[in-house]
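Before any comments, here is the structure.
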Amino acid sequence: MAWEYKRDESRGGFKPIPEGAHRIRIVSAEKATASTGKQMLTLKFDVSGEKGKLFHNIVFLPDRPEITNRNLTQFFDSFADIPEGEFELAKWVGKVGACMVKHEEYKGENRAKIAY
């Protein structure tokens with residue numbers, strides 16, 4: 001095999017989605033079970049103008065309903081085309097909304113996370 005090898009120690013891959021406000025589209029929305037055994041929604045989003053995707057979980061906390069309701073309220077406020085309290089997840093796919101992204105360090109790398 002003929003190849004002119006040159007050492008490249010760059011990490012490559014995607015840069016994290018920049019912090020700030022972004023338009024997002026729901027790629028998938030599924031019911032799941034958290035490692036704690038609690039029910040949750042797992043959401044995957046495309047981000048307008050970015051190559052990367054965002055992932056977000058909403059965990060249902062029966063012992064802390066105020067947290068679950070606050071997270072769901074933020075979600076429904078962010079997606080005007082999804083009726084408040086509507087949980088037919090198949091209808092969520094393709095809906096466009098907005099989010100605020102922040103960065104958090106994970107294993108020495110900055111990762112994009114939905115703050116709101």
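Taking CD from E50 and CD1 from I24, the interatomic distance works out to 12.5 Å, rounded to the nearest 0.5 Å. For the atom pair CD (E30) and NZ (K44), the distance works out to 9.0 Å, reported to the nearest 0.5 Å. The CD1 atom of I17 sits 13.0 Å away from the CG atom of N110 when rounded to the nearest 0.5 Å. How far CG of L72 is from CD1 of I67: 12.0 Å, rounded to the nearest 0.5 Å.
Among residues two or more places apart in sequence or in another chain, the ring pair (Phe, Tyr, Trp, His ring centres under 6.0 Å) test is passed with F75 by F79, W92.
Remark: side-chain polar atoms of E19 are paired, donor with acceptor, to backbone N or O of H103 under 3.5 angstrom. In this structure, the side chain of R23 does not engage the main chain of S48 through any donor-acceptor pair within 3.5 Å. In this structure, the side chain of E86 engages the main chain of E88 through a donor-acceptor pair within 3.5 Å. Side-chain N or O atoms of T68 include one that pairs as donor or acceptor with a backbone N or O of L61 at under 3.5 Å.
Taking each heavy atom of L54 and C99 in turn, the nearest pair found is CD1-SG, 3.9 Å. Contact between A21 and M100 at its shortest, heavy atoms only, is N-SD, 3.5 Å. For the residue pair P16 and A112, the shortest heavy atom distance occurs at CB-N, 4.2 Å. Taking every heavy atom of both residues into account, V93 and A29 meet most closely at CG2-N, 4.4 Å. Between R25 and G94, the closest heavy-atom pair is NH1-O, 3.1 Å.
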task: Evaluate the side-chain contact (heavy atoms from CB on, under 4.5 Å) criterion for residues D77 and Y116: first the C-alpha distance (whole Å), next the side-chain angles of each, then the deciding distance (0.1 Å), finally the verdict.
output: CA-CA 10 Å; D77 285 351; Y116 174 84; 3.8 Å; yes
field: Verdict with reasoning, L43 to I58, per side-chain contact (heavy atoms from CB on, under 4.5 Å)
entry: CA-CA 8 Å; L43 304 162; I58 300 174; 4.1 Å; yes
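E104 has a carboxylate O that lies under 4.0 Å from a charged side-chain N of K113, or vice versa, which qualifies the two as a salt bridge.
At least one side-chain heavy atom of F45 sits less than 4.5 Å from a side-chain heavy atom of I26. Put simply, the side chain of K53 does not reach to within 4.5 Å of the side chain of V47, judged on heavy atoms. In this structure the side chain of E109 never reaches within 4.5 angstrom of the side chain of E105, judged on heavy atoms. Proximity of F60 to K38: side-chain heavy atoms (C-beta onward) are nowhere separated by under 4.5 Å. Counting heavy atoms from C-beta outward, N57 and L41 have side chains that stay 4.5 Å or more apart.
A perpendicular orientation is assigned to the rings of F87 and F76, their planes being inclined by more than 60° (bins at 30° and 60°).
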